[in-house]
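Numbering of residues begins at 1 and proceeds along the displayed sequence.
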Amino acid sequence: MSHFSCSVLDFCEIYSRMRLNRINLGWLLSICVFFVVRISFTQLCNAQGVNWGTQASHLLPPNTVVEMLRTNGISKIKLFDANSRVLNALANTNIEVMVGLPNDLVLAMTDPAQAAAWVRDSVSRYMHLNGVNIKYVAVGNEPLLKNASGSNMKILYPALVNIQNALNAAKLGDQVKVTIPMSADVIQAGSRPSGSTFRMDILNLMGQIVAFLSQNGSPFTINIYPFISLYSDPHFPVEYAFFDQASVFVIDGMYTYYNAFDANYDSLVAALAAAGPYESMDIIVGEIGWPTDGDVNANLAYARRFNQGLLNHVSRRVGTPRRPNLMIQLYMFSLFDEDLKSIAPGNFERHWGIFKYDGRPKYSLSLKGANGASLVQAAGVSYMPRHWCVYNSKANDQTSLADSITYACSLSDCTSLGYGGSCNTYLDADGNASYAFNSYFQRQNQMLGSCDFNGLGQVVMVDPSVGICEFMIQIQTPNSDAESPARSRMCLTPILLCITIILMQRTH
């Protein structure tokens, strides 16, 4: 979606020309109304963005993704690194970008020279005419989690300062702002949102960070996940997570809360106010969404209900009780499912996408609110042949079945098989084995030998999917034909056999 801008001087010029040409000033009023409506619509669209993560074994080409973004009117993207292929694909699109500096680079940024080099290589080099519209640099991602080791506490603030100084030195300080996407657990929640402060163990550090962000005109970025609250607290009321009920869940003096998002947002507002004169500081919701698999509450119906409810809530510009009539800025989490993400938080962690791994929408969702168009799938996606690997229950030797399933799942994604997963109620033991085998087979690009499993696997051309339990066909990627170390164990014997046959043919 293109941006639209028109200055006061433009209006003056139009007005002067109209007077010179004796044009009815009613036309000027019509043009003004058009400009105001267009600007308001643009601001509405530009308040909402999406996180684009890349922790997946098979990634759509960046150019394909960017075209999908533009088709769906997504004009803001948040990245978790500064991948050159992704940034080059975003050039000359005017899509607004938040570039991420990963946590494992924060320590290096305490050296001003390394911070300057990172800004040069990851920001400045893309900020040319027809380049990338970089607006923010995210220093780390949730670096002050409560259960973290605390190793970031001494290095985060110096890194933040050095990145800002490097942007200033590159004459980008007014154009590109630093921020730190924080987990909601940096807030020490009170019994009501108005009683919230920052956690005591990081209170002084947060005071430094907030003051620095404020001095530089930078926003505070917070990740809000009502799903995580529901997942981690058995007493959390399910309906409080959503936006479509009329029940009051929290009364906080003059403020009334009907959903967890508003309460979380206002808890941050209260914490900012408690830290100093920062109650009106700009806030960006860096991540918010709902997973579709891997838990009983992670399903398509709840995900659509939450995400569409959120987008409708934002598009109505109702704000929150402490900040009414506000256009909330947010980045939905996430664009795609990512099958290489850690499942330490839960099996759901690989299933946050509003699109599937191949760019197909998971469910009907309007990014512009209740009356907008639904999502459009990515165009021009290439797939591997329609071959699936399934368990052969008639194989003579079944002794290695359990080990084979464990091996397959350790090198692929079997999170849909767990309790509450999309395949849990559809598959029996044989079906679980087939799903595991196929997940590995597709991860290995359907390579010869990757459906062997000591004779327990067989390749079929009839889709074994059942109900909402989908047996995937992997997409073709530039690296689909490259052999990985994980494949070599399964493929070595067939390859040697082929070589032996060829040599024998040449000798005769």
Side-chain angles (χ1 to χ4, degrees), residues 49-62 64-66 68-69 72 74 77-81 83 86 141 223 225 227-228 231 287-304 306-308 331-365 367 374-378 381-384 408-409 411-418 420-424 426 435-436 438-445 465 467-477 479-480:
V50 183
N51 285 269
W52 179 358
T54 55
Q55 294 187 59
S57 61
H58 293 67
L59 297 169
L60 288 173
T64 299
V65 178
V66 169
M68 186 188 77
L69 296 175
N72 284 283
I74 298 173
I77 279 293
K78 178 169 167 282
L79 306 175
F80 294 91
D81 54 23
N83 183 285
V86 170
N141 184 55
N223 299 340
Y225 283 111
F227 171 82
I228 300 297
Y231 177 78
E287 296 178 19
I288 184 167
W290 199 282
T292 56
D293 208 342
D295 182 70
V296 290
N297 290 312
N299 55 64
L300 294 170
Y302 273 9
R304 185 188 185 281
F306 178 83
N307 284 332
Q308 193 63 71
Y331 294 88
M332 297 189 68
F333 192 85
S334 184
L335 195 59
F336 300 113
D337 284 351
E338 299 172 74
D339 64 351
L340 294 182
K341 292 195 72 176
S342 168
I343 57 172
N347 285 342
F348 57 82
E349 193 63 21
R350 294 176 177 173
H351 302 280
W352 290 95
I354 57 176
F355 291 92
K356 296 182 180 181
Y357 68 99
D358 57 357
R360 288 177 294 155
K362 290 185 182 178
Y363 45 84
S364 176
L365 183 70
L367 297 177
S374 191
L375 297 174
V376 179
Q377 72 182 56
V381 178
S382 298
Y383 294 86
M384 293 182 185
C409 287
L411 294 171
S412 62
D413 179 27
C414 295
T415 52
S416 296
L417 297 178
S422 60
C423 295
N424 184 255
Y426 286 94
Y435 188 94
N438 186 66
S439 294
Y440 178 86
F441 180 61
Q442 303 299 335
R443 175 73 66 85
Q444 306 306 319
N445 304 313
S465 301
I468 61 171
C469 178
E470 179 180 348
F471 281 61
M472 74 182 312
I473 291 291
Q474 192 54 267
I475 60 174
Q476 291 274 11
T477 66
N479 297 322
S480 292

Distance from [X] atom [atom1] to [Y] atom [atom2], nearest 0.5 Å?
X: Ile468; Y: Tyr426; atom1: CD1; atom2: OH; answer: 4.5 Å
X: Asn445; Y: Met384; atom1: CG; atom2: CE; answer: 3.5 Å
X: Tyr357; Y: Asp337; atom1: OH; atom2: CG; answer: 10.0 Å
X: His58; Y: Gln442; atom1: NE2; atom2: CD; answer: 8.5 Å
X: Arg304; Y: Asn299; atom1: CZ; atom2: CG; answer: 13.0 Å
X: Tyr363; Y: Gln308; atom1: OH; atom2: CD; answer: 9.0 Å

Taking only residues two or more places apart in sequence, or in another chain, which ones meet [X] in a side-chain hydrogen bond (donor to acceptor under 3.5 Å, both in side chains)?
X: Thr292; result: Lys362
X: Ser374; result: Ser364
X: Asn72; result: none
X: Tyr302; result: none

Heavy-atom donor-acceptor pair, Trp290 side chain to Ala301 backbone, under 3.5 Å = no
Main-chain N/O of Met472 paired to Asn438 side chain as donor or acceptor, under 3.5 Å | yes
Who passes side-chain contact (heavy atoms from CB on, under 4.5 Å) against [X], sequence neighbours left out?
X: Asp293; result: His351, Ser416, Ser422
X: Ala378; result: Leu60, Thr64, Met68, Val381
X: Asp339; result: Ala56, Ser57, Asp413, Arg443

Within a strict 4.5 Å, meaning less than it, do heavy atoms of the [X] and [Y] side chains meet?
X: Asn51; Y: Lys78; value: yes
X: Leu79; Y: Val86; value: yes
X: Glu470; Y: Lys356; value: yes
X: Trp52; Y: Leu69; value: yes

Under the ring pair (Phe, Tyr, Trp, His ring centres under 6.0 Å) rule, collect the residues that match up with [X], sequence neighbours excluded.
X: Phe441; result: none
X: Phe355; result: none
X: Phe80; result: none
X: Tyr225; result: Trp352

is_close_aromatic(Phe306, Phe227), centroid dist under 6.0 Å = no
Over all atoms of both residues, closest heavy-atom pair of Tyr440 and Ala408 | CB-CB, 3.9 Å
Note: Ser334 and Gly53 closest approach over all heavy atoms is OG-N, 4.1 Å
Show the numbers, then the answer: is there a side-chain hydrogen bond (donor to acceptor under 3.5 Å, both in side chains) between Tyr383 and Asp358?
-> CA-CA 9 Å; Tyr383 294 86; Asp358 57 357; 2.7 Å; yes
With sequence neighbours left out, write down each residue that passes salt bridge (charged side-chain N to carboxylate O under 4.0 Å, His left out) with Glu349, or none if nothing qualifies.
-> Lys341
Worked check of side-chain contact (heavy atoms from CB on, under 4.5 Å) between Leu59 and Thr477 | CA-CA 7 Å; Leu59 297 169; Thr477 66; 5.8 Å; no
